[in-house]
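What follows is one structure encoded as structure tokens, with my remarks underneath.
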2 protein chains.
Amino acid sequence: MTSSRPRTRIQIKNRAAILDAGLDAFSAHGFRGATLDQIAETAGMSKPNLLYYFGGKDAIYTALLEQLLDTWLDPLREIDPDGDPVTEILGYAQRKLDLSRDYPRESRLFANEILQGAPHIHSHLSGDLKALVDDIAIVIARWADEGRIKAVDPRHLIFSIWSLTQHYADFEVQVTAVLGHAAYFDDAAIHLNRMLRGALEP
Amino acid sequence: MTSSRPRTRIQIKNRAAILDAGLDAFSAHGFRGATLDQIAETAGMSKPNLLYYFGGKDAIYTALLEQLLDTWLDPLREIDPDGDPVTEILGYAQRKLDLSRDYPRESRLFANEILQGAPHIHSHLSGDLKALVDDIAIVIARWADEGRIKAVDPRHLIFSIWSLTQHYADFEVQVTAVLGHAAYFDDAAIHLNRMLRGALEP
DNA sequence: GTCTATAGACGGATAGAC
DNA sequence: GTCTATCCGTCTATAGAC
């Protein structure tokens, strides 16, 4: 454990408020662009009080990233090697799209971190993430070999699903501006389903 | 004109050095995360000297964005409404992928700006960009109506091409970490070609 | 055109009273 | 646990010599 466990109700409540405010700030401005003043104000407490709960700016950011990485890859782990290939891949894409709709701030936090060179999580990318992708890539390659989906580069297919789905959270401002309205996730789901089906079904 | 034209050779050279250094900094850290010290050092001059050429941090950033927006949409404008639909769309995707390969910093500059809410270019998105996408969407819709490509949501197809191609510049660190190597653009081109062909050909 | 020096605001973090 | 006051470093930008 890097930090002591919260015990009292007020500790739990304040830590949660800080993390939520931090997510607002870091996802909107990146690590260097966010300020403790801003986070403290959003969380409804003074800056020294905020620093009573977290050792510093870095500690808040790190806690958010760890929390995120812990759950961000779950949809990928849920792919069933024994399931129907098209169903499994489309289901994965849908779960990722759901994440973009339900947790856009988390998506943008992650995007900011990667965009700026992933200084805090580089080892995670070439460690856990690479290992997991390698595993799934074997499954997808087998499906292609068996002719159950079209020939496809497994890793680039995964990149495609990441980019297609995360785009709706990370570039939300642009999507909304171009469409002229904000409620686009149902249309996006239909579109992605059709596109991926066309690209994958033999 | 918002700024006086550079005249002497040394002015041209210094302004170019500043813009290049600014592109480095802003694309890597976002607007608020980048510093003038960093830009001045990369450009090889003192901070006051840098400010002799540009009015301030904002002026450098704005100049970079204007320069970028001016050329960023050219590949989209090159789509020929009278050409072969699949060829035109795949050609567009390839041109966008070339941009990600040849101008990754510009892609990340744009991504940072959008990710952080597009404060400097919001009017451009709902103005010029929306108008251009609306035009192309009509062409793509006609192609679909004529049965020359599969039924597809034109605007979401454009989003898909943007996300698929820009991902290779914006998430370069992650792509490299997962693949274990850096020279992936040829593979990406083959993959995108196959995927889009499968998704589009009737 | 380029520099040193510095103003003035803001950033993260701490001291110490309550 | 929470606050006010404050330290100190960094940031953008300017003054003014050369």
Side-chain angles (χ1 to χ4, degrees), chain A residues 2-65 109 112-113 116 119-120, chain B residues 2-65 109 112-113 116 119-120:
Chain A
T2 57
S3 60
S4 58
R5 295 178 185 285
R7 293 180 188 164
T8 69
R9 259 163 300 175
I10 195 164
Q11 278 176 332
I12 292 170
K13 176 170 159 286
N14 278 341
R15 284 182 61 97
I18 292 167
L19 288 175
D20 192 69
L23 184 54
D24 266 2
F26 289 125
S27 68
H29 302 292
F31 179 71
R32 290 175 59 170
T35 69
L36 289 184
D37 288 279
Q38 180 189 9
I39 296 173
E41 190 187 341
T42 305
M45 69 188 72
S46 67
K47 197 162 47 167
N49 198 18
L50 180 152
L51 290 166
Y52 170 78
Y53 289 99
F54 285 88
K57 189 181 182 180
D58 229 85
I60 303 173
Y61 187 72
T62 303
L64 282 169
L65 272 184
L109 177 74
N112 260 308
E113 169 70 11
Q116 309 196 355
H120 295 78
Chain B
T2 57
S3 61
S4 58
R5 295 178 186 286
R7 294 181 187 163
T8 69
R9 259 162 301 174
I10 194 163
Q11 277 176 334
I12 293 171
K13 177 170 157 288
N14 277 342
R15 284 182 63 95
I18 291 166
L19 287 175
D20 191 70
L23 184 54
D24 266 2
F26 289 125
S27 67
H29 304 292
F31 179 73
R32 289 174 60 172
T35 69
L36 289 184
D37 288 281
Q38 180 188 10
I39 297 173
E41 190 187 340
T42 306
M45 68 188 71
S46 69
K47 200 162 42 169
N49 197 19
L50 181 153
L51 289 167
Y52 170 77
Y53 289 100
F54 286 87
K57 189 181 182 180
D58 229 86
I60 303 173
Y61 188 72
T62 302
L64 281 168
L65 271 184
L109 177 74
N112 261 307
E113 169 70 12
Q116 310 195 356
H120 295 78

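The nucleotide whose nearest atom lies closest to any side-chain atom of B/Ile10 is, among D/dC11, D/dG1, C/dT2, C/dT2. Nearest to the side-chain atoms of B/Pro48 among the listed nucleotides D/dT12, D/dC3, C/dC3 stands C/dC3. Relative to the side chain of B/Tyr53, the nucleotides D/dT14, C/dT2, C/dA13 differ in distance, and C/dT2 lies closest. The side chain of B/Asn49 lies closest to C/dC3, out of D/dT2, C/dC3, C/dA13. Checked against D/dA13, C/dG1, C/dA13, the side chain of B/Lys47 finds its nearest nucleotide in D/dA13.
In terms of position on DNA chain C, the residue among A/Gly55 and A/Asp37 whose nearest nucleotide sits closer to the 5' end is A/Asp37. Nucleotides of DNA chain D nearest to A/Ser46 and B/Ala34 differ in position, and the one nearer the 5' end is that of A/Ser46.
Counting heavy atoms from C-beta on, the side chains of B/His29 and B/Asn112 never come closer than 4.5 Å. Using a 4.5 Å heavy-atom cutoff, the side chains of B/Leu50 and B/Asn14 are not in contact.
Looking at heavy-atom distances under 4.0 Å, A/Leu51 makes contact with a base.
At D/dT2, none of the side-chain N or O atoms of A/Tyr52 fall inside 4.0 Å of OP1 or OP2 (strictly under the cut-off).
B/Phe26 pairs in a side-chain contact (heavy atoms from CB on, under 4.5 Å) with only one of the listed residues (B/Arg32, B/Lys57, B/Glu113), which is B/Lys57.
Residue B/Glu41 qualifies as open at atom CD: its count of foreign heavy atoms under 6.0 Å is 12 or below.
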